[in-house]
Amino acid sequence: ITMCQETKKDQATTPLPQRGIVQTALGGIGYLDSLPTNGAASSQPLLLPILCFHSSPRSTDEFVEILPWLTGDARRRRIVALDCPGYGWSENPQRSCSMNDIADAFLEVADALQIGECVVLGCLMGNFTAVSLASRYPDRIKGCICANLYYFPRQVNSKQPETTSSNNKEEGQPIPDSWQLQDDGSHLSNLHNRRKAWLDNELNARVVQSELTYLVNRRARYAQGISIENFDQFDFVAAATQVQCPTLCIKGLACCAFF
């Protein structure tokens with residue numbers, strides 16, 4: 001976010017990212033693809049692509065401003081941001097799924113885009129899918145970047161975007177949803193009011209749009225008994241100890257303090 005003004009000049013001269021959807025075992029996964037410029041820096045090899053995984057309740061919109069910056073002035077690096085199932089442009093998952101399932105669906109997108117070895121970058125929720133991939137596919141994942149990394153086990157913090165796990169609900173049984181529609185529209189205004197103290201109106205509108213998409217999708221899948229694994233149910237410690245590639249963690253302590 002702090003780089004928005006710095007990247008406006010880059011956006012004026014950089015081709016717009018391409019958006020698409022790839023069908024996976026969990027359903028359609030939306031992505032935003034910033035391809036390297038053909039012929040740019042032809043005397044130098046392309047750098048490893050980066051797969052970007054957003055926070056909750058955001059979407060690929062979270063990475064719009066930094067795509068040109070990550071690609072670099074020489075346009076030598078491909079950046080692909082992906083929408084988690086039920087977020088952004090992605091479809092709701094067709095069944096209850098774990099963080100590992102989502103990570104595998106993201107790898108299906110990478111396969112479809114003919115991306116082999118790559119670096120993964122996550123923010124908040126996205127860190128869990130990044131670590132999941134890095135821990136299980138060392139032949140593919142050559143670097144892991146975790147921004148705003150924090151982990152609170154269930155006994156410390158149970159307030160997470162998904163309130164029910166697929167492990168404690170039978171498939172097909174409706175799941176109670178804490179987000180209720182109100183006649184006065186307060187279910188919408190509350191989304192803006194929640195962050196207005198620290199987000200300007202423009203950015204807050206984008207966050208509200210992403211969160212509303214997530215909540216409407218969650219409402220639909222809960223009615224079918226479909227849920228996504230809570231962050232605090234993912235065995236982060238076990239996965240992290242299996243990561244072999246170089247890893248960069250950014251603002252973890254500040255994130256813990258904020259939450």
Side-chain angles (χ1 to χ4, degrees), residues 1-7 10-11 17 29-34 47-72 77-84 87-88 90 99-100 102-103 106-107 109-110 115 118-137 140-153 157 159-161 195 198-200 203-204 206-207 210-211 214 228-232 234 236-237 239-259:
I1 301 306
T2 58
M3 290 184 290
C4 290
Q5 293 182 342
E6 297 176 15
T7 58
D10 295 333
Q11 289 176 325
I29 297 294
Y31 67 87
L32 199 59
D33 190 354
S34 179
L47 302 174
L48 284 177
I50 299 179
L51 304 182
C52 300
F53 311 134
H54 61 82
S55 62
S56 181
R58 295 300 304 279
S59 64
T60 49
D61 176 73
E62 182 173 353
F63 296 103
V64 167
E65 282 84 9
I66 67 170
L67 282 177
W69 181 76
L70 290 173
T71 303
R77 191 189 298 276
R78 185 180 189 180
I79 310 297
V80 179
L82 300 100
D83 282 318
C84 185
Y87 294 75
S90 290
M99 288 293 164
N100 286 341
I102 293 171
F106 286 162
L107 205 60
V109 177
I115 294 175
C118 61
V119 174
V120 291
L121 184 157
C123 179
L124 292 172
M125 177 184 72
N127 288 317
F128 297 99
T129 44
V131 170
S132 171
L133 286 174
S135 65
R136 295 183 297 124
Y137 300 101
R140 293 280 296 273
I141 309 306
K142 299 304 179 182
C144 182
I145 304 171
C146 296
N148 300 310
L149 175 62
Y150 79 104
Y151 174 65
F152 290 125
N157 178 24
K159 186 178 180 182
Q160 299 291 356
R195 302 177 182 86
W198 68 86
L199 294 182
D200 61 61
L203 181 56
N204 200 5
R206 291 166 56 185
V207 174
S210 294
E211 184 169 20
Y214 162 75
I228 298 174
E229 182 181 41
N230 285 344
F231 312 160
D232 54 1
F234 175 68
F236 176 79
V237 175
T241 57
Q242 297 298 315
V243 174
Q244 302 176 26
C245 64
T247 302
L248 174 64
C249 298
I250 304 170
K251 290 190 175 295
L253 291 176
C255 187
C256 286
F258 180 83
F259 285 100

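In this text the structure is predicted, and so the values were computed from the model without any measurement.
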Derivation and outcome, side-chain contact (heavy atoms from CB on, under 4.5 Å), residues L149 and F236: CA-CA 11 Å; L149 175 62; F236 176 79; 3.8 Å; yes
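- Counting only distance, with no hydrogens or angles, the side chain of T71 and the backbone of L67 share a donor-acceptor pair below 3.5 Å.
- For the pair N100 and S132, the tightest heavy-atom approach, listed with the atom from each and the gap, is OD1-OG, 2.5 Å.
- The closest donor-acceptor contact from the side chain of R140 to the backbone of I115 lies under 3.5 Å.
- Distance CD1/I141 to OG1/T247: 11.0 Å, rounded to 0.5 Å.
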Derivation and outcome, side-chain contact (heavy atoms from CB on, under 4.5 Å), residues C84 and F106: CA-CA 8 Å; C84 185; F106 286 162; 4.3 Å; yes
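- By the 30° and 60° cut-offs, the orientation of the rings of F258 relative to W198 is perpendicular.
- Contact of the C144 side chain with the L248 side chain is not registered, since no non-hydrogen atoms from C-beta on lie closer than 4.5 Å.
- There is a side-chain donor-acceptor pair under 3.5 Å between S56 and Y87.
- For the pair V131 and C146, the tightest heavy-atom approach, listed with the atom from each and the gap, is CG2-SG, 4.0 Å.
- The main-chain N or O of A103 is never found under 3.5 Å from a side-chain atom of R136 such that the two would form a donor-acceptor pair.
- Here the closest non-hydrogen pair linking L51 and C118 is CD1-SG, 3.8 Å.
- Listed for the S34 side chain is no donor-acceptor partner under 3.5 Å among the backbone atoms of L32.
- Atom CG of L133 sits about 12.0 Å away from atom CE of M99, to the nearest 0.5 Å.
- The closest side-chain heavy-atom distance from L121 to F63 is below 4.5 Å.
- For the pair F128/F53, no side-chain contact is recorded, criterion being any heavy-atom separation below 4.5 Å from C-beta on.
- When atom types are taken as modelled, the side chain of R77 and the backbone of L48 share a donor-acceptor pair closer than 3.5 angstrom.
- In this structure, the side chain of H54 does not engage the main chain of D61 through any donor-acceptor pair within 3.5 Å.
- Across every non-hydrogen atom of V80 and L82, the tightest pair is O-CD1, 3.7 Å.
- Atom-to-atom distance recorded for N230:CG and I228:CD1 is 10.0 Å, nearest 0.5 angstrom.
- From I250, atom CD1 reaches atom CG of N127 across 9.5 Å, with rounding to the nearest 0.5 Å.
- The minimum heavy-atom distance between L124 and C255, with the atom names listed, is CD2-SG, 3.4 Å.
- Atom NZ of K142 sits in a crowded spot, with more than 12 heavy atoms from other residues, nucleotides or ligands closer than 6.0 Å.
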side-chain contact (heavy atoms from CB on, under 4.5 Å) between L70 and C52, worked out: CA-CA 10 Å; L70 290 173; C52 300; 4.2 Å; yes
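- Between the side chain of S90 and the main chain of D83, a donor-acceptor pair closer than 3.5 Å is present.
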